[in-house]
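For reference, the structure is listed below as structure tokens.
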Protein chains: 2
Amino acid sequence: MNPGVINGTYSLPPGRALEICHQIEGAILRHRIRPGTKLSEDEVGDTFGVSRTVARTALQALAHGGLVTIERNRGAFVSRPTIREAHEVFEARTLIEPRIARMAAKAMTDEALGRLQRHIDAEHDAFAKGEMGLALSLSGAFHLAIAEIADQKVLTQILHSLVSRSSLIIALYWKRPDTACESHSHHALLDAFLRRDQSAAEEIMNSHIVDLHSGLDLIDRDENEPSLADVFATS
Amino acid sequence: MNPGVINGTYSLPPGRALEICHQIEGAILRHRIRPGTKLSEDEVGDTFGVSRTVARTALQALAHGGLVTIERNRGAFVSRPTIREAHEVFEARTLIEPRIARMAAKAMTDEALGRLQRHIDAEHDAFAKGEMGLALSLSGAFHLAIAEIADQKVLTQILHSLVSRSSLIIALYWKRPDTACESHSHHALLDAFLRRDQSAAEEIMNSHIVDLHSGLDLIDRDENEPSLADVFATS
DNA sequence: TGCGCAATTTTTGTATACGATTTTTCCGTT
DNA sequence: AACGGAAAAATCGTATACAAAAATTGCGCA
């Protein structure tokens, strides 16, 4: 149920740091913390009642996943993917995820189908309650769940990072601010899985990612956080 | 020229830690440190004349790249990829690298061609001198150089981790211990790039990775470091 | 009033200290 | 001699302290 365990079998930030990673990651994925937000070590440490040492470890782990950017002598910030990177992330997903969907269809079990169904239900629920952030993070978790069913640890870890960054990209560049990020694609995917139709799963996943990509507003424009002057400019 | 900068634009381990990462990574990639070797924080710190704090940061960064595995309360070790993971890594490379080769062929410049040529020369050189470890690490660097030419940062970072782990996999599972890991594939690739032949580049890269994969001895067998008993077993 | 420089404050980089866990060693018992 | 357990050593997890760098503030001057 966790919207995105950071772990990928290698690092496992020790003790408390892991839990802090999860907390911060969850908050970012649910859009409760905006891209660009500063995450100072003291602040994080105080918030979770640990020393800077632990906070630092957590932030560095998040940085390796791409959710957080650390600037030397300046500190950690929630990442703000550039338009360029947004394209690259979705191109990478277009390359990887259809293959994963195919493998998942091949390895599908009834039990796994049930899990996916519950994912979709939870997503629906959150959407109905207007909790868009939660719905979005569950939507990402759905993609990750498929990768886990495909049982490909290496690709799953890669996808984890791509999905996380996608959440930041959506926060920054999604076209229609709060309207429907709900698509019926997930249902269609589930249906393909139900039929164990590998080619259909692959194809549906492909167009789903392409759809997401084209739902972004990636024209060149400013690139930078609007300054206060911009915000209060009268026009 | 560095056989594998760990950096991927997000983390940049602060100050000294970055340099230590490079040093350790280089040593592992050149097979001067075997998979399974323990890297204690004190040892690393003493070796490079820094405190454990910095050594720890470096080890954690390496762990996130997959070169090092950290076990709670036990410490850091050079990773020992399982057979399972070995397959996954090469399957992932088979998925990603042909595409990267295509994009590189598309974006190829004369200057970039020169760089690739020099990579091959250096590789050749090292091989001629019998410095197998160095030759192997340069071979990995060649693949990364291609990704950089394709100018896809996201995929390059992913590939970086895959190539690093491939080096560990080769150290553990390569069939003919010191004979020819020299293939003419790199020359063939360079030739395709020279002609800007995207499809050829893609295809050659594909079979190159498949060749590497099948050059591994990935039958089930023990999985674990042979015990002393195994080593001295008389049969 | 607006600009620029300097002092202050905040925040990160690194070192060190101490407690907790694990591993090793050593010794007594069977 | 072999086994088991307790003491000792080594190693990691975390907190804290101090130095260095950056950001902020405030003052003086034009």
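Chain A is the first sequence line, chain B the second, and so forth, proteins listed ahead of strands; every chain is numbered from 1. Not measured: the values here are computed from a predicted model.
- Between the CG atom of A/D42 and the P atom of C/dT10 there is a distance of 11 Å, given to the nearest Å.
- Residue B/K38 has no polar side-chain atom (N or O) positioned under 4.0 Å from OP1 or OP2 of C/dT22.
- Atom pair B/I70:CD1 and D/dT14:P shows a separation of 12 Å (rounding to whole Å applied).
- Between the P atom of D/dT11 and the CD atom of B/E71 lies a distance of 15 Å, rounded to the nearest Å.
- Using modelled atom types and a 3.5 Å distance limit, the side chains of A/H160 and A/E25 yield a donor-acceptor pair.
- At a threshold of 4.0 angstrom between heavy atoms, the contacts of A/T53 include nucleobase atoms, whether or not backbone atoms are also involved.
- With B/H213 as reference, B/L218 is the one residue of B/V89, B/I169, B/L218 to meet the side chain to side chain contact (heavy atoms under 4.5 Å, CB included) rule.
- With respect to B/K38 and B/E43, no salt bridge is recorded, no charged nitrogen being found less than 4.0 Å from a carboxylate O.
- Under the ring pair (Phe, Tyr, Trp, His ring centres under 6.0 Å) criterion, B/H31 pairs with no residue at all, not counting sequence neighbours.
- Between the CD atom of A/Q60 and the P atom of C/dT14 there is a distance of 10 Å, rounded to whole Å.
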Worksheet item: What string of B, S and - do you get for nucleotides 17-23 of chain D, 5' to 3', if B is base contact, S is sugar-phosphate-only contact and - is no contact with any protein heavy atom under 4.0 Å?
Response: B---SSS
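- Regarding B/E41, its CD atom lies at a distance of 14 Å from the C1' atom of C/dT14, rounded to whole Å.
- Ion pairing between a basic and an acidic side chain is recognised when a charged N comes within 4.0 Å of a carboxylate O; B/R84 and A/D151 show such pairing.
- Scanning all heavy atoms of the two residues, the minimum distance from A/S137 to A/R30 falls at OG-CG, 3.8 Å.
- Of the two residues near DNA chain D, B/G75 and A/G49, the one whose nearest nucleotide lies more 5' is B/G75.
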